[in-house]
Amino acid sequence: QEDVRIALVVKALGIGFFEAANEGAQEAAAELGNVEIIYTGPTDTTAEGQIEVINALIAQQVDAIAISSNDTDALVPALKRAMQRGITVLSWDSGVAPEGRQLHLNPSSNPLIGNMIIKLAADHLPDGGEVALLSATTTSTNQNIWMEEMNKVMGNYPGIEVVATVYGDDLADKSYREATGLMQTYPDLDAIIAPTSVGIVAAAQAVVDAGKVGQVNVTGLGLPSEMAGAIESGASKSFAIWNPIDLGYSATMLAYELSQNGAEAAPGAEIPMGRMGTLTLDENNEGAMADPFVYDAGNIDEFKSIF
Amino acid sequence: MMTHSAAIAQDVTPVVSMDMITKTFPGVRALDQVKLDLYPGQVTALVGENGAGKSTTVKILTGIYRTNGGTIRIDGNPVTFASPNDAANAGITAIHQETVLFDELSVAENIYIGHAPRNSFGLIDTARMHSNAASLLAEIGAPFSSHTQLSDLGIANKHLVAIARALSVDARVVIMDEPTAALSHKEIEELYDLVDTLKAQGKAILFISHKFDEIFRIADRYTVFRDGGFVGDGLIADISENDLVTMMVGRSVEQIFPDRTHNVGDEVLKVVGYAHPTEFADISFTLKRGEILGFYGLVGAGRSEFMQALFGITKPSKGVCQMNGDLKIIRSPAQAVENGIVYVPEDRGKQGAIIGLPIFQNITLPSLGRTSKNGLLKLAEEFKLAREYSQRLDLRAASLDQDIGNLSGGNQQKVVIAKWLATQPQVIILDEPTKGIDIGSKAAVHDFMAELAAQGLSVIMISSEIPEIIGMSDRVIVMRDGLIAAELPREELTPETLVRHAAGISQPTEGAA
Amino acid sequence: MKRFIPLREAILSAAILFLTLLVASRFPGFVAPANLANVFNDTAPLIILALGQMVVILTRCIDLSVAANLALTGMVVAMINVAIPGLPIPIILTIAVLMGAFMGAINGILVWKLSIPPIVVTLGTMTIFRGIIFLISDGKWVNSHEMSPAFTGFPRTVLLGLPALSWIAILTVVAFGIMMARTQFGRSIFAVGGNPHAAVYTGINVGKTQFWAFVVSGALAGLTGYLWVARYAVAYVDIAGGFELEVVAACVIGGISIAGGIGTVGGAVLGAIFLGVVKNALPVVDISPFWQLAISGSAILIAVAFNARSGRNKGRVILKSAEATQ
Amino acid sequence: MTDATTARNIPDRMNSRAVRIFKSWEALLLAVAITIFVVNSFASPYFLDAWNLSDATFNFTEKAMIAFAMALLIIAGEIDLSVASIIALASTAMGLAMQHGAGTPELVTIGLIVGLLCGAFNGFFVTVLGLPSIVVTIGTMSLFRGISYIILGDDSFRGYPSSFAWFGQGYIYWVFTVEMLFFVIIAVAYAVLLHKTNFGRAVYAIGNNPTGAMFSGIRVQRIKFILFLLTGLMSGIAAICLTSRLGSTRPSIASGMELEVVTMVVLGGVNILGGSGTIPGVVIAAFVMGLVTFGLGLLNVPGLVMSIFIGLLLIGVIALPRLWTMAAERRKE
Ligand SMILES: Nc1ncnc2c1ncn2[C@@H]1O[C@H](COP(=O)(O)OP(=O)(O)OP(=O)(O)O)[C@@H](O)[C@H]1O
Ligand SMILES: Nc1ncnc2c1ncn2[C@@H]1O[C@H](COP(=O)(O)OP(=O)(O)OP(=O)(O)O)[C@@H](O)[C@H]1O
Ligand SMILES: [Mg+2]
Ligand SMILES: [Mg+2]
């Protein structure tokens, strides 16, 4: 019997988070037995790059494409064509518009994440204080949604004031400069929230360089392996992330279910995803995998070698 | 005046001796087994038509080109020059045909680039460089400081810098490739003195010129090339001008100007009050059908600048221009051409020839309107037009689709003239049309000018050569410092009056001719 | 002409001063010495690279591969540091400079020996160098915690009030000042760019001079590669992506003629500082980040139009009357 | 001098037509293209498939449209690095119009007009103010895209009319896409313009010697201005196709495309210093680049590794013939 080929398309190759997701996908493949994972993606985070990758995958007639997209809308025509040619398409992590996929797997639910990032900062500011956001690019779908969700729950954290939102474009040097700029512009800044793994590392470095460890707490979403140093130095007291291994695993399982076992992606459907339980789809055919997980000095050593 | 043969001993060994030298370019054999000897304390003139291979020889001697065969000996020992530095180290220095200098650098740096004096840290010793340069400049009578930026100098002064550069190295062999082409009378005289000094110092001099008076004035020996081949050499004292010309062109050439009947017609062009903020002012004159109007002046008098304004290249601040009585506004060369005025520029390489395009495309470029239909090219028509005019000008080339850059200077000039004649203009402005052209082609250009005038074309000829001006013009306008100094009818043309007006001398002076 | 060159630099200095004061009028903190030092330190990599680029542009070439060279060298030294954490910084610096110079030499050789136009060569090597980073790193990042403290600490080491990064930039500026004005190589660079044809006749090897210009530019890119990676404590494929155009822009704003032969060390440095000030000032005056790109684009256009105006020649002076009034 | 001594009869041409074609850059490039095609056919079982090959053309059609205009511009001695940013701005303008209810014809018109305006803007700086184009377009590259960012920020335009999708997603006949049709029409139009008209001849003259061309009565600045307009126009067309294909507009659209376009032009044998180059060369280069990226894509080779191939191809295709002649000369000596 021929292998089932599932393409795991990521935003860009070489990012630790997605490498970990690939690990999870391989785990799922091993579990399923007859699955071959094609781990691919562009080398920079552009929609055009992903379209070329998708075209190549369509040409290879893969069985399923599971994609973390760089652009909600721009990928839709290409993915539609993939579906027309009989390929199962789902998005995970960073979604595409509903007409471009059968379902979307959220790593967590957006409200939970939005709440989590502000809570991480607020937990260490019992008397309130000034916080600033250091996001990725202005066009990053996820970051924008989370910040929106965060704004909705700001009322639950009295005394916490968001003084600025800056964009580091997911570039280390830009993020670093933006973080430095924040500390200069707002001398009384208490925390920088960076809901992006590039930004949070750069911000922590900037805080260390500015000699503001202890004054400015860097938090947000990051990878344990990259943030271990920041936790150790005290620049970051805690941060959160879902488990990318689980995410890759779940995406692969879902892709297999849809393409091989005839699972139907429809609102309200419950689709099994192996050891991660089942995914319940909402009216947009979206579902959340799990809660984000908080890492701090107590558990970082356990995770930093994993991803 | 010095005498030619006085100091020449027959048994001196040459400093430099080239033997059986061959140089080929793709498709062209520029030199074919030529020989050339240069003797200490003597001036050897290298003569030949355009494209005979004179400049190529210079470039070989200065290490810019490498030979395809033959030997170069210095003091009898064979050498090979892999780079210009090798040649310089062997004591060979040259003033090239093109000025090869750097506009952005100072005069001193231009003179010493590549061999500037160093201080004990190995850094350039600017103070010493300037003082050395200043004394060199004083020696050749240059009227500017070593600190001047080169771009601030006129073309003649640039040539003086080139000469100073050649003298800044302690050379045994000095090569001068048409050094007088851009110089005024006074400067030429100074150059002659300089050559005499160099001779007295025992240096071997190679002198290239198309001007025979010059050659007979300062050369001791001659070597003749024709079409890349060696024809003969000997002592100047033993040969007559006519024989030398015959050797050079392979036939005898009458160096007289064409006999013309001077019947000029109606007024074609009338220029009134042309002016420019810094370059020229108050230029007014008329031009008649079939007339050759000479423009004389010292180099730098502003003749080219004015003509370029008339041709629409630069914008005059004032002035009007009428063609056949109608007012014309000429703001671009394209409009000038539409109105029947064309300009053959002086700077062939930059302004005249489109190097990189084949000969036929150069010729048809301004006439494309006639050789095409609805903007679509018709190659056959183009070749026809190009063939016609290249034959009329006796062009020498391997084929019409050869790059014009592979032609010698003189042949390039013919293509440029052909390009403009092909537009069938009413007024043709020729800026130094025979500069750097060999004597045979020169006569051809002169005959052609006469023929054009006879056919009713009006010609404006800028020239710095008095015989040419006197021999060809119906009327002459002399310019000085951007103004018209005099307008002289044919009858009043004498070398003396021309020089007097051009230089602004009121009293007739001696030796002006 | 000589008169114009200091003028051009004076205008640029005035523009920088004006910009700084404008920002300071609303945010006095911007002109605090510490912040200015910080702006300079931020601009240091751009200054160093602009000097290298200047040499290349002066010889009528262009080096589009500097940012890729920087990134590749940065990645290599970072990986070396991970593999051999104890390697002393002087050795790391040497490796970075040599490696950068080697890549510059590849560009130079192709330009010199095969006479391929520089823009083509460096467009090619730019993509090749980036690709090689991906190949050797597998697209993975080298993060701060993997680097040794000495490695990331060097550019931050404060000496007489300024970080080492700033000092290196200052030293480079001084070295280039001497090199361009007082060495055979420096003057040859102007000659080659001003009139390559004439340079050949004067015994200057045009190709070889261009080769060395690329080597110099490459060496500086390599040096900056280490400094960059150490300063931002991270190395990955895309670092300094698109930075080559910023470097060229700095040169152009500084009055280095893209046609070669004209330009000064001071101009290049001021051009870089101008961009650095703009970049640092925008976030401070709280202009939306979306405006940054358009503003720096306009700045380039205005600066260039300005430069060209002040240097435009007005024809020759022949008329005696005109001479008197000049 | 060889056979040039007889002045009266200069032959029109040195080599026959066949020899010229055989020795041409295009012949070399075609050989490269065929080699790549054959290698691809063996390397991947999915390569020789009409639909796949058709999909593959998207890899180059939009870039090639701009490349043709860019080729003329580069032959004339100028360059336009702002093309990708023009796409961004034109696409943003179309998005704005779409939000205000514009239909497909209006969208197309707006795309073209914005392209032309951007071209005119570049042309103004280069031809009227006399600034070097490489510098001007580095500036406008930031400016044009910057305006898109100001307008769009972190937003995007989506929901283009379904009829608009025809340009970037439609098929003319069987597997032949609309973009392919545009590509062919534009290629032919530019080939005629450059090789068969007075305008094209003037472009070559300007590229070889702008001063000489001006002295020959060619309106150099006007022609250069037109070339910038054409490049802007082509960027507008590419913007229409790309926007239609993506079905959305973000300010980062087409980023980095300018260098790919220049690479395509240079690979096509156009002298980056101006003066020479042909449209057939650019056409073949477009196919070469398309085939390389698609072939490697089928093998799931990452984009940056593909770019190594493109970089090597760019340098190699120019370097190899030169190395060859150098080696031949050395052997002769
Ligand atoms: N770089 C080159 N490539 C090809 N052919 C060349 C090159 N340089 C010179 N030639 C050819 O070599 C021949 C000799 O040219 P050269 O410049 O030496 O002539 P010349 O005697 O100095 O003429 P002129 O009096 O016009 O200066 C000419 O036929 C010319 O076309
Ligand atoms: N300072 C200079 N730098 C560069 N080129 C120069 C300079 N001065 C003159 N030239 C060029 O040298 C040529 C002759 O000089 P110019 O135009 O001053 O003389 P002219 O009065 O037109 O007389 P002629 O026609 O006898 O040369 C022109 O082509 C001019 O452009
Ligand atoms: Mg000559
Ligand atoms: Mg003149």
Side-chain angles (χ1 to χ4, degrees), chain C residues 60 62 64-65 68 106-107 110 113-135 138-139 237-238 241-242 245-246 248-249 251-253 256-259 288-305 307-309 312, chain D residues 74 79 81-82 85 121 125 129-155 251 255-256 258-260 262-263 266-267 271-273 302-323 326:
Chain C
R60 295 199 174 183
I62 191 162
L64 295 179
S65 72
I106 294 176
N107 288 329
L110 289 168
K113 290 297 180 188
L114 295 181
S115 8
I116 306 176
I119 191 168
V120 176
V121 168
T122 57
L123 201 60
T125 52
M126 168 173 108
T127 56
I128 294 173
F129 294 161
R130 286 270 178 210
I132 292 175
I133 310 176
F134 186 87
L135 280 185
D138 221 6
V237 174
D238 273 340
L245 293 179
E246 205 165 311
V248 174
C251 286
V252 168
I253 290 176
I256 317 292
S257 163
I258 208 86
S288 143
F290 302 124
W291 283 77
Q292 284 197 13
L293 205 55
I295 289 178
S296 29
S298 317
I300 293 172
L301 286 177
I302 293 169
V304 170
N307 264 337
R309 291 262 145 212
R312 184 159 293 181
Chain D
I74 292 180
I79 197 165
L81 294 178
S82 71
S85 300
F121 190 82
F125 275 87
L129 299 188
L131 304 175
S133 56
I134 185 163
V135 180
V136 168
T137 56
I138 284 178
T140 54
M141 180 175 161
S142 299
L143 180 61
F144 295 156
R145 198 179 285 283
I147 297 173
S148 289
Y149 270 105
I150 292 172
I151 295 173
L152 262 174
D154 54 1
D155 221 344
S255 53
E258 61 281 331
L259 293 182
E260 289 180 67
V262 172
T263 304
V266 172
L267 191 60
N271 184 346
I272 194 85
L273 308 174
L304 267 172
V305 182
M306 286 185 203
S307 68
I308 297 186
F309 282 86
I310 299 286
L312 287 175
L313 203 62
L314 180 66
I315 294 178
V317 170
I318 297 179
L320 282 180
R322 297 189 186 194
L323 281 172
M326 274 166 75

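Keep in mind that the numbers below use all heavy atoms, side chains included, and drop hydrogens, waters and symmetry copies. In this text, all values refer to a predicted model and were calculated from it rather than measured experimentally.
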Residue pair C:K113 / D:M326: nearest heavy atoms and the distance that separates them: O-SD, 3.7 Å
Worked verdict on C:L301 versus D:F121 for side-chain contact (heavy atoms from CB on, under 4.5 Å): CA-CA 11 Å; C:L301 286 177; D:F121 190 82; 3.8 Å; yes
D:M141 versus chain C, the contacting section by heavy-atom distance below 4.5 Å: side chain
In terms of heavy-atom pairs under 4.5 Å, which option from C:V120, C:I132, C:L64 contacts chain D the most? C:V120
So do the side chains of C:L135 and D:I308 get within less than 4.5 Å of each other, counting heavy atoms only? yes
Pair count under 4.5 Å, heavy atoms only, with chain C: among D:R322, D:R145, D:M306, highest is D:R322
Heavy-atom pairs under 4.5 Å with chain C: which of D:G316, D:P132, D:G153 has the most? D:G153
Region of D:V266 that comes under 4.5 Å of a non-hydrogen atom in chain C: side chain
Taking all heavy atoms of D:S142 and all of C:G297, pick out the closest pair and write down the distance. CB-CA, 3.5 Å
Taking the side chain as everything from C-beta on, heavy atoms only, tell me whether C:I119 gets closer than 4.5 Å to D:I134. yes
For the interface with chain C, which of D:I150, D:L314, D:L152 has the highest count of heavy-atom pairs at distances below 4.5 Å? D:I150
Under 4.5 Å to a heavy atom of chain C? For D:P302 that would be side chain
Taking side chain as everything from C-beta outward and backbone as N, CA, C, O, which of these in C:I62 sits under 4.5 Å from a heavy atom of chain D? Side chain, backbone, both or neither. side chain
For C:I128, which atoms come within 4.5 Å of any heavy atom of chain D: side chain, backbone, both, or neither? both
Quick one: do D:V262 and C:L123 satisfy side-chain contact (heavy atoms from CB on, under 4.5 Å)? Show the steps, please. CA-CA 9 Å; D:V262 172; C:L123 201 60; 3.8 Å; yes
Inter-residue atom distance D:I318.CD1 - C:S115.OG, 0.5 Å rounding: 11.0 Å
Approximate separation, where rounding is to 0.5 Å, of D:I138 CD1 and C:L245 CG: 5.0 Å
Ignoring hydrogens and geometry, is there a side-chain-to-backbone donor-acceptor pair from C:R130 to D:L304 under 3.5 Å? no
For D:L143 and C:S298, which heavy atoms make the closest approach, and how far apart are they? CD1-OG, 3.3 Å
Below 4.5 Å from any heavy atom of chain D, which atoms of C:I258 appear? Answer side chain, backbone, both or neither. side chain
Tightest non-hydrogen contact, residues D:S307 and C:T127, listed as O-OG1, 3.5 Å
Kindly give the heavy-atom pair with the smallest separation between D:I315 and C:V121, and that separation in Å. CD1-O, 3.7 Å
Which heavy atom of C:A305 sits nearest to which heavy atom of D:L129, and what is that distance? CB-CD1, 4.5 Å
D:L259 versus chain C, the contacting section by heavy-atom distance below 4.5 Å: both
